[in-house]
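Chain identifiers are assigned alphabetically (A, B, ...) following the order of the sequence lines, protein sequences preceding nucleic acid strands; residue numbering begins at 1 within each chain. Worth saying up front: this structure is predicted, and the values here are computed from it rather than measured.
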2 protein chains.
Amino acid sequence: MNTIKNLHVHSTAAPNSLKAAVGSSLNCYTRKHCVACKLGDIHLSQFERLGKRRVLRKGEQLFRQGDTFQSLFVVQSGSVKSSVVGDDGEEQITGFHFPGDMLSVDGMDSGQQTYSAEALETTSICEFAFRDFERISESMPDLKSQFFKVMGKELSREKKRMLVLGRMRAEQRLATFILDTSRELRSRGQANDSLTFSMTRQDIANYLGLAVETVSRLLSQFAATDLVRVQRRSLEVLDRPNLENLAQGFQPTAQLIARSA
Amino acid sequence: MNTIKNLHVHSTAAPNSLKAAVGSSLNCYTRKHCVACKLGDIHLSQFERLGKRRVLRKGEQLFRQGDTFQSLFVVQSGSVKSSVVGDDGEEQITGFHFPGDMLSVDGMDSGQQTYSAEALETTSICEFAFRDFERISESMPDLKSQFFKVMGKELSREKKRMLVLGRMRAEQRLATFILDTSRELRSRGQANDSLTFSMTRQDIANYLGLAVETVSRLLSQFAATDLVRVQRRSLEVLDRPNLENLAQGFQPTAQLIARSA
DNA sequence: CGCTCCCTTGATCAAGGTCAAGCTTGGTGG
DNA sequence: CCACCAAGCTTGACCTTGATCAAGGGAGCG
């Protein structure tokens with residue numbers, strides 16, 4: 001939940017240009033997910049030759065921390081995890097990314113990627129040379145403004161994540177994760193209360209700053225109290241209100257206490 | 001450690017214009033801290049009427065989470081803490097900000113402030129209307145590019161913070177905090193190994209996701225092992241190498257083990 | 001002078017990490 | 001097509017870290 005979200009490149013004025021550039025498989029689920037769709041009737045055909053399609057298999061890396069920054073990436077299908085490693089080699093997953101999310105903007109400052117990105121499943125990506133982006137956006141100042149908004153959104157998202165990592169107990173973290181992921185996937189057109197994880201429990205645990213065992217135990221507990229139904233990588237939210245209570249750190253209802261005791 | 005850093009507005013071509021706009025007390029410590037100094041000989045006088053000076057006393061808020069976003073702020077002197085609150089009212093301090101740091105960029109997306117900012121001491125701030133910024137930057141595309149870099153830097157900083165909050169043990173967190181803060185203040189011209197905190201222990205603890213008592217105990221312990229010398233709000237780094245070891249999670253040296261046992 | 005806020009230190013406790021073991025499942029090769 | 005293997009997941013037992021509770025000390029301010 002920790003990416004440049006909502007960077008769907010959607011063309012209104014020129015239906016085929018951008019979409020074609022980005023690749024045919026990209027669907028623009030909603031208007032508000034678009035960077036380009038707010039640009040009005042600006043001529044978009046300049047983008048036509050920009051996008052380069054790329055397919056990664058599970059486990060393949062899109063880029064690594066330290067790589068030279070030269071491209072912006074947009075996830076078209078599949079999913080990606082991003083992570084940073086500390087001096088000691090400790091790895092922290094910083095986000096999971098779904099179709100429409102943009103990757104690698106951090107690098108603009110240093111000229112280096114500040115994190116690594118790896119496909120969680122077979123994933124297709126659209127790559128734009130940053131050089132081209134800069135050149136073209138000079139004649140389209142609104143595009144840059146739109147980017148500010150996107151980056152601002154990302155910044156505020158990361159701040160919320162600090163709340164999760166800094167203040168929440170394990171239960172809250174997991175409940176929050178489930179709700180956020182559910183919302184995230186729902187906004188991309190998936191079914192209402194059921195979702196399928198592309199990441200392992202280990203990934204989830206790392207992302208939440210917990211041990212795998214804790215995640216596993218809590219999922220079992222959530223299932224035992226009928227908050228969710230879990231089977232392997234697929235999860236169904238059964239009791240959203242109580243899950244939200246948990247996420248906010250409220251005491252579980254009496255019913256829950258009884259069951260989980 | 002979690003702001004838009006290094007937004008010193010420094011004029012090269014027109015020595016008095018920007019600097020005057022920002023306020024006379026702002027010093028541009030180093031070249032690389034500047035947004036504007038990379039703009040070359042672009043005419044900067046347009047900024048002249050932009051900045052509005054504002055002074056806050058300790059405890060006063062610059063803005064609150066949820067406020068309408070309409071300005072960008074640059075810290076000129078003093079210091080500021082920023083924080084987010086969750087649905088449950090839990091507060092998480094997301095960063096401390098020093099002269100040259102920019103505040104409130106997150107709001108560009110939603111039109112609302114996504115966090116609150118409060119002065120830690122008497123602090124002077126320069127306020128720019130975002131509207132003006134946008135208008136002017138249309139004729140100065142480099143200014144926007146510079147902003148991308150600044151925001152990219154901020155994003156990568158927040159990612160590092162996830163590593164702190166998600167993976168590090170208390171000792172590591174505090175050691176990291178001391179080193180980061182020291183570096184931060186050093187780059188602003190303060191003495192090499194001594195620093196003075198403007199924030200309370202409670203603030204530090206909250207920022208690091210710890211309890212006050214833990215911070216207090218660890219500081220005492222660091223002092224007992226001659227890593228630092230502490231007196232009230234002032235701290236002197238005595239043994240940087242071993243502090244760095246601690247920050248990276250390495251076992252303390254034999255000497256340290258003996259002493260702290 | 002005394003009050004309040006901040007900080008420190010000690011004692012106890014619980015959340016969650018670690019270690020260990022076994023189970024499930026999907027992929028691979030025979 | 002089946003058997004086996006490795007990777008991932010679950011569950012249990014135990015232990016460590018750091019939170020919580022409690023009490024007291026100092027410094028700045030009215």
Side-chain angles (χ1 to χ4, degrees), chain A residues 57-59 81 90 92-93 118 120-122 164-175 177 196-225 228-235 246 249 251-252 257 260-261, chain B residues 57-59 81 90-93 118 120-122 164-177 196-225 228-235 246 249 251-252 257 260-261:
Chain A
R57 301 192 69 79
K58 180 178 171 180
K81 72 174 171 182
E90 277 281 18
Q92 171 69 47
I93 294 177
E118 179 187 321
L120 290 167
E121 59 194 311
T122 301
V164 173
L165 291 174
R167 303 246 74 76
M168 291 188 179
R169 287 179 310 104
E171 244 179 11
Q172 289 181 269
R173 297 185 196 198
L174 187 61
F177 173 75
T196 300
F197 297 120
S198 52
M199 66 294 274
T200 65
R201 298 278 193 276
Q202 179 60 62
D203 287 337
I204 297 173
N206 182 298
Y207 178 71
L208 295 175
L210 301 171
V212 210
E213 293 93 329
T214 305
V215 169
S216 187
R217 264 186 264 273
L218 285 173
L219 275 178
S220 303
Q221 185 189 314
F222 285 4
T225 52
V228 301
R229 176 163 19 183
V230 202
Q231 192 170 31
R232 296 192 48 66
R233 299 282 181 93
S234 64
L235 182 145
L246 264 192
Q251 296 302 329
I257 291 170
S260 63
Chain B
R57 300 193 69 80
K58 181 177 170 179
K81 71 173 171 183
E90 278 280 17
E91 184 185 25
Q92 171 69 48
I93 294 177
E118 179 186 321
L120 289 168
E121 60 194 311
T122 301
V164 172
L165 291 173
R167 303 244 75 76
M168 291 188 180
R169 289 179 308 105
E171 243 180 11
Q172 288 180 269
R173 296 185 198 198
L174 187 61
T176 302
F177 172 76
T196 300
F197 297 120
S198 52
M199 66 293 276
T200 66
R201 298 279 193 274
Q202 179 60 61
D203 287 338
I204 297 173
N206 182 299
Y207 177 71
L208 296 176
L210 300 171
V212 210
E213 294 92 331
T214 305
V215 170
S216 188
R217 263 185 265 274
L218 285 173
L219 275 178
S220 302
Q221 184 189 315
F222 285 4
T225 52
V228 300
R229 175 161 22 182
V230 202
Q231 192 169 31
R232 299 189 46 65
R233 298 283 179 94
S234 63
L235 182 146
L246 265 192
Q251 295 303 330
I257 291 171
S260 62

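- The nearest whole Å value for the distance from the CZ atom in Arg173(B) to the P atom in dT17(D) is 14 Å.
- Nucleotide dG16(C) holds its C1' atom 17 Å from the CZ atom of Arg167(A), rounded to whole Å.
- Note: CE (Met168(A)) to P (dA15(C)) measures 17 Å, nearest angstrom.
- Comparing dG16(C), dT8(C), dA13(D) by their closest approach to the side chain of Arg217(A) singles out dA13(D).
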Expected rows: protein N/O vs nucleotides 21-27 of chain C N/O, under 3.5 Å:
none

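- Comparing atom distances between the Glu213(A) side chain and each of dG18(D), dG12(D), dT20(D) picks out dG12(D) as nearest.
- Residues Lys58(A) and Leu120(A) have side chains not in contact (no heavy-atom distance under 4.5 Å, counting atoms from C-beta outward).
- Remark: Thr214(B) is not in phosphate contact with dT17(D), judged by side-chain N or O atoms under 4.0 Å from OP1 or OP2.
- Contact of the Leu165(A) side chain with the Arg173(A) side chain is registered, since non-hydrogen atoms from C-beta on lie closer than 4.5 Å.
- Leu208(A) places its CG atom 12 Å from the P atom of dG16(C), with the value rounded to the nearest Å.
- In this structure, Arg233(B) places its CZ atom where more than 12 heavy-atom neighbours from other residues, nucleotides or ligands lie under 6.0 Å away.
- When heavy atoms are screened at a 4.0 angstrom cut-off, Leu210(A) is found touching the sugar-phosphate backbone but no base atom.
- The distance between atom CG of Leu218(A) and atom C1' of dT10(D), rounded to the nearest whole Å, is 13 Å.
- Using a 4.0 Å heavy-atom cutoff across all strands shown, Thr200(B) reaches sugar-phosphate atoms only and no base atom.
- Mapping Arg201(B) and Gly209(A) onto DNA chain C via the closest heavy atom, the residue that lands nearer the 5' end is Arg201(B).
- Looking at Leu246(A) and Phe222(A), their side chains come closer than 4.5 Å, going by heavy atoms from C-beta outward.
- Using a cutoff of 4.0 Å between basic side-chain nitrogens and carboxylate oxygens, Glu90(B) and Arg167(A) are scored as salt-bridged.
- A straight line from CG of Leu174(B) to P of dA19(D) spans 12 Å, rounded to a whole angstrom.
- Of the possible polar contacts, one joining the Ser220(B) side chain to the Ser216(B) backbone as a donor-acceptor pair under 3.5 Å is found.
- OP1 or OP2 of dC7(C) sits under 4.0 Å from a side-chain N or O of Arg233(B).
- Proximity note for Ser216(A) (side chain, C-beta onward) versus dT11(D), dG16(C), dT8(C): the nearest is dT11(D).
- Note: CD1 (Ile204(A)) to C1' (dT10(D)) measures 14 Å, nearest angstrom.
- Taking only side-chain nitrogens and oxygens, Ser220(A) comes nearer than 4.0 Å to OP1 or OP2 of dT11(D).
- Remark: the backbone N or O of Gln221(B) is paired with a side-chain donor or acceptor of Thr225(B) at under 3.5 angstrom.
- Between Arg169(B) atom CZ and dA19(D) atom P there is a gap of 13 Å when expressed in whole angstrom units.
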